[in-house]
Amino acid sequence: MGLFVIMDKKYVGRFAPSPSGQLHFGSLVTAVASYLDAKSNHGTWLLRMEDIDEPRCISGVDKDILCTLEKHGLFWDGDVIYQSQQHQRYQEVVDRLLQQGLAYYCTCTRKQIKAMGGVYNGHCRHLGLDPDSNNQDQFAIRLTMTRPLQAFEDVIMGNVTPIESEAPYDSPHQEASTSNSSAEDVVIKRRDDLFSYNLVVILDDVFQGVNHVIRGCDLLDVTPLQKAVYQTLGYEIPTYGHIPVAAVSPGRKLSKQNRAAPVNNTTPKENLVRVMQFLGFDFPAASSFNDISALLAHAIAIWDRKKVVKTPEIIVPQHESTYYSEPL
Ligand code: GLU
Ligand code: ZN
């Protein structure tokens, strides 16, 4: 009798920090959650430096981030990729989309879009605009979206519904229903020549074979749009899980601008225990583990998406140096 084994595709996850500042508690939470979800599924865990927005990146911070991860026993698989070194690959995709008529040039200014009611209405879709070398800085490139924003099942947060906005396009084939209309044509390359985050995050995840994305809830709202981009480009959509973000006050996530303290590399076990507690797990004291790898092994063993707190944001106490760089 033949034995048939249905093989799940191997899990590939990642952590994708932006090297605009050292890791703080909130980014350590994302690193740990994505690591544990990957390792508890016998997956690989890749690392990508999201330094596409080069003006905001600080040189040397990438090395700091890698060092912090290592100090916490969070060893990644394979080589680290840097977005700043991938421009050629991004440009090839953009050129191909332009050639295929799936992307187009747009000259609409912020002011014009505001006058459209705040949502770009497809104004330049069929104008066939073409820049010359003198006026390139007035043109953004947009992707012709063919898919709507849709609700989805997040493996941690549960059902997520897209934020309502006016249907950007009038379609003669559709009735008044907004649910079937396509998403706003997303900018894939900005007028200042930067590739946009919503393009490169997808191109890189596809390039690296990532099929599971565990990241902070600050990116929950943009996920329906990213899913629509995947579909428009014809790529297979990864599984998404979003974890709570650490915040200073409602709507303000812990960040360098909000005085987030860099992770203290001299107390890795204590930091990891705090991360687990923040995520909602009962976790033994740091002193009960001989070393970091024993602690992480326990964390992998008890990791359970269902146990993660379902609150998009958790306010962290202002008097604790784990979170803030100086007392108020
Ligand atoms: N680089 C992004 C950030 O630091 C994360 C992007 C993602 O995980 O998709 O917020
Ligand atoms: Zn336009």
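Atoms within each ligand, like the ligands themselves, are counted from 1 in listed order. Side-chain atoms are counted along with the backbone in the values below, which use heavy atoms only and exclude waters and symmetry mates. Given the structure is predicted, the values throughout are model-derived calculations rather than measurements.
By the 3.5 Å distance cut-off applied to N or O atoms, V213 is not counted among the residues near ligand 1. For ligand 1, none of its N or O atoms has an N or O atom of K253 under 3.5 Å away.
Ligand 1 is approached by R14 to a heavy-atom distance shorter than 4.0 Å. Ligand 1 lies less than 4.0 angstrom from a heavy atom belonging to Y197.
Taking every heavy atom of E50 and a limit of under 4.0 angstrom, the matching atoms of ligand 1 come to 1 (N), 2 (C), 5 (C), 6 (C). Taking every heavy atom of V201 and a limit of under 4.0 angstrom, the matching atoms of ligand 1 come to 9 (O).
With distances taken over non-hydrogen atoms, the option nearest atom 9 (O) of ligand 1 out of R48, R215, Q83 is R215.
The shortest distance between side-chain heavy atoms of C124 and R142 does not fall below 4.5 Å.
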(request) Start with the C-alpha gap between Y235 and D205, add the side-chain angles, then the distance that decides, and say whether side-chain hydrogen bond (donor to acceptor under 3.5 Å, both in side chains) holds. (result) CA-CA 10 Å; Y235 300 131; D205 278 335; over 6 Å; no
(request) Would you please test R14 and Q208 for side-chain hydrogen bond (donor to acceptor under 3.5 Å, both in side chains) and show each step? (result) CA-CA 9 Å; R14 49 74 161 177; Q208 294 188 283; over 6 Å; no
(message) Using the rule given for side-chain hydrogen bond (donor to acceptor under 3.5 Å, both in side chains), can you reason through D95 versus Q91, listing the C-alpha separation, both sets of side-chain angles and the distance that settles it, and then say yes or no?
(response) CA-CA 6 Å; D95 288 342; Q91 190 58 49; 2.9 Å; yes
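To the nearest 10 degrees, the Zn ion (ligand 2) sees SG of C124 and SG of C108 at an angle of 110°.
Considering all non-hydrogen atoms of both residues, V32 and M276 come closest at CG1-SD, 4.4 Å.
Atom 5 (C) of ligand 1 has its closest protein heavy atom at A16 O, 3.4 Å. Summary of contacts: the protein heavy atom closest to atom 10 (O) of ligand 1 is L219 CD1, 4.3 Å. In this structure, the protein non-hydrogen atom closest to atom 4 (O) of ligand 1 is S18 OG, 3.1 Å.
Classified by interplanar angle (parallel below 30°, tilted 30° to 60°, perpendicular above 60°), the ring pair F281/W303 is parallel.
Side chain to side chain, Q226 and T223 fail the donor-acceptor criterion of an N or O pair below 3.5 Å.
Under 4.0 Å from ligand 1, not a single heavy atom of T30 appears.
Heavy-atom contacts from other residues, nucleotides or ligands closer than 6.0 Å to CG of N290 number 12 or fewer.
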